[in-house]
Student: 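The following block contains the structure, expressed as structure tokens.
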2 protein chains.
Amino acid sequence: MGTRVTLKDVAAAVGVSPATVSLVLNGKPVRISDERRAQIQKVASSMRYRPNQAARALVTRRSNMVGLVVPDIENMFFSSLFKALEDVAIRDGYSVIVANSDDSRERERSLICGVSARGVDGLFLVPALQSCAQEAALRRDVEECPCPVVFVDRLVDSGYCDGVGVDNKEGGRLAAEVLIDSLAAGARDAGKGRVGCVCVERTDGISDLRFRGFADALAKAGVPLDAECIVKGDYRYSSGYEAADRLLDAGVGAVFCENDLMAMGLRRRVEERGLHVPEDMSIVGYDDVLPRFGLLNDLTTISQNVDALAAECWSVVRERFAKPKAPARTSRIQPHLVTRSTVFGV
Amino acid sequence: MGTRVTLKDVAAAVGVSPATVSLVLNGKPVRISDERRAQIQKVASSMRYRPNQAARALVTRRSNMVGLVVPDIENMFFSSLFKALEDVAIRDGYSVIVANSDDSRERERSLICGVSARGVDGLFLVPALQSCAQEAALRRDVEECPCPVVFVDRLVDSGYCDGVGVDNKEGGRLAAEVLIDSLAAGARDAGKGRVGCVCVERTDGISDLRFRGFADALAKAGVPLDAECIVKGDYRYSSGYEAADRLLDAGVGAVFCENDLMAMGLRRRVEERGLHVPEDMSIVGYDDVLPRFGLLNDLTTISQNVDALAAECWSVVRERFAKPKAPARTSRIQPHLVTRSTVFGV
DNA sequence: ATGAAAGCGCTAACAG
DNA sequence: CTGTTAGCGCTTTCAT
């Protein structure tokens, strides 16, 4: 195990004061003779000096760490979000501390405290499901948090806090649009002409928007969306799988699933019944996160563009660092349609 | 944004010295009058005092943070590993800093430095692929690292460093065993009687062991494993998918895939050709990590037991904290067979 | 151009 | 039983 070499060690080795070394190593525009500069650099690197970040954080009040609290890192979307965020953060020399709230208010609360006590400069928070239903409690925690907080993805009422999300309503609209086009592209056999969806009932301020965007666009185009064609899901593969029979039996031939996992489950069951996608059923998913995990994905889907989301998160927090008192800002990434092979005729 | 209240603030509010407050709040067994104790506790909590961890780390030389460097957090296995590790670490009050090496030696190197400069108490490292081929360079970094390192999963030559992994050879053996049983369970039609595998060629010290365990067990049982029944894969869905035709055409009816993703891809292609699993082909996967992501999995597979792996990681590092000079120790978790529905007759 | 000194927030001796 | 003192490793005035 290596030993810890301090600034003082370097100073002693060179025969100057710690202050001088600090100045040089931090590239401060103080006029120190070039020879000294070079010498200090050389000695420091040959001694493998690494500044102690804790000490530095103590005095500068900046840790170059940010926190990320997600409901569950085993949700592919959040996993990707983390990776994308780390990619952009690391370029500015930041590390990311991640923690899982398990969608629990209590755990989230303790995480906010715990992570901020670590001195992070900013905290990205995907609010727990339980918090979405207890906005007042969440707000209290956020306001007490000694560092800026940015809501991510789940945009709860956030006049008091920065937020970055995706335009879910637009995503729903895009899904409706392509399904409508598909309907127009070719006449369906009898008993396959209806439109349906697998949607999630949650207070996360996401599923309802996707549904609203979808339903509104359908209505505007005069395409009916009947109650028996709306099946509840829970974002998991199995719920898509289980939705298939009801949809098929209702004569649905075009389905919007609120995420890709459910779309895959749906597709599997459809094919198990000896039917084909998209000939017998068109399917649109949501997320487009599967390919990032090495899962082959030929699903036509609405992409959330996780990289753009992460980039925007970073840009928002940097602006907040620069102007701590600026008014809170919420921004939304635009989703887009990725056309692959599961929608008939497009 | 909340304000930062320090120990001194609390001390001033109570009218005692900072030291006293520190003693009380850390539950030190110093005999301080109970009334003072209670009063200090009360004031501290009402002022919402949170100790500054950076300052504490500076003096105690313990940060209560550990690092985890993985090749890619978008690999489901590592994603699960992180979650499992966080679960166990948080119970001891530890936070985890995660970073992706992208399997690059260079990036890993800079991560080891960067993370350890943050003062982590320990570092869990899944060596980058590139490092597995440059053990000397890796070793140098590890030995220079000012905190204990634990190799995880990819157990490179590690006489000098603790390690925790899975017994991959045993996993391969288990896969062979169940496939052999399956063969015995029912006679196969002609042209489906051979055994094959989709395996990965890598220097990660994992794929080769799985293969070796598999091949050795087959040999011992007198079951042939012919060259044309061994197809190369890359751990991704698509490579399993693409392996299917060659395997089928070679008359293979029982396949071991070195991970679940490839097994799923293989299965998909087999079914696309109108065949059935397990009637026409038995498939054994490896990992059993898919269900954790909400992916329905009815694959018969070799489970790595990520939770046990993480628990063992934690136990190893704790022991290292306790005895910094103890000899390095490598331990291996035993994998086990999870019987589901993709092996014929078992 | 460089060094001395103060102090970030906390803990750990040591006095009292 | 409690307060004072002295740093942890670093940055940052302010003198020199």
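All chains are named by letter (A, B, ...) in the order of the sequence lines, taking the proteins before the strands, and each is independently numbered beginning at 1. Not measured: the values here are computed from a predicted model. The figures here come from the full heavy-atom set of this structure, side chains too, leaving out hydrogens, waters and symmetry mates.
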Student: Inspect the contact between Glu86(B) and Lys83(B) and indicate whether a charged nitrogen and a carboxylate oxygen are less than 4.0 angstrom apart.
Tutor: no

Student: Of all of residues 57-66 of chain B, which get a heavy atom below 4.0 angstrom from DNA chain D, listed by number?
Tutor: Leu58(B), Val59(B), Arg61(B)

Student: Check this for me, if you would: do Asp87(A) and Arg107(B) make a salt bridge, where the nitrogen-to-carboxylate-oxygen distance has to be below 4.0 angstrom?
Tutor: yes

Student: Measuring to OP1 and OP2 of dT12(D), would you say a side-chain N or O of Lys28(A) lies under 4.0 angstrom away?
Tutor: yes

Student: Hey, is Asp307(A) close enough to Arg292(A) for a salt bridge, meaning N to O under 4.0 Å?
Tutor: yes

Student: Provide the start and end nucleotides, 5' to 3', of the part of DNA chain C that has atoms under 4.0 Å from heavy atoms of chain B.
Tutor: dG9(C) to dA12(C)

Student: Is any side-chain N of the basic residue among Glu312(A) and Arg332(A) closer than 4.0 Å to the acidic one's carboxylate O?
Tutor: no

Student: Between Val5(A) and Leu23(B), name the one whose nearest nucleotide on DNA chain D is closer to the 5' end.
Tutor: Leu23(B)

Student: Between the side chains of Arg61(A) and Asp121(A), is the shortest nitrogen-to-carboxylate-oxygen separation below 4.0 Å, so that they form an ion pair?
Tutor: no

Student: Is the closest side-chain donor-acceptor distance between Glu74(B) and Ser79(A) under 3.5 Å?
Tutor: no

Student: How far does the helix from dA1(C)-dT16(D) to dG16(C)-dC1(D) bend, going by the axes of its first and last five pairs, to the nearest 10°?
Tutor: 50°

Student: Over how many whole Å does the gap from Ile40(B) atom CD1 to dC1(D) atom C1' extend?
Tutor: 12 Å

Student: Between Arg320(A) and Asp162(A), is the closest basic N to carboxylate O distance under 4.0 Å?
Tutor: yes

Student: Are any of the side-chain nitrogens in Arg4(A) or Asp9(A) under 4.0 Å away from the carboxylate oxygens of its partner?
Tutor: no

Student: Is any side-chain nitrogen or oxygen of Ser17(B) closer than 4.0 Å to OP1 or OP2 of dT2(D)?
Tutor: no

Student: Is there a side-chain contact between Ser22(A) and the phosphate of dC10(D), meaning an N or O under 4.0 Å from OP1 or OP2?
Tutor: no

Student: To the nearest Å, how far apart are Leu7(A) CG and dT12(D) C1'?
Tutor: 13 Å

Student: Test your reading of the model: is there a side-chain donor-acceptor pair from Asp92(A) to the backbone of Tyr94(A), 3.5 Å cut-off?
Tutor: no

Student: When rounded to the nearest 0.5 angstrom, what distance separates OG1 in Thr6(B) from CZ in Arg50(B)?
Tutor: 14.0 Å

Student: Would you call Glu143(A)-Arg139(A) a salt bridge at under 4.0 Å N-O?
Tutor: yes

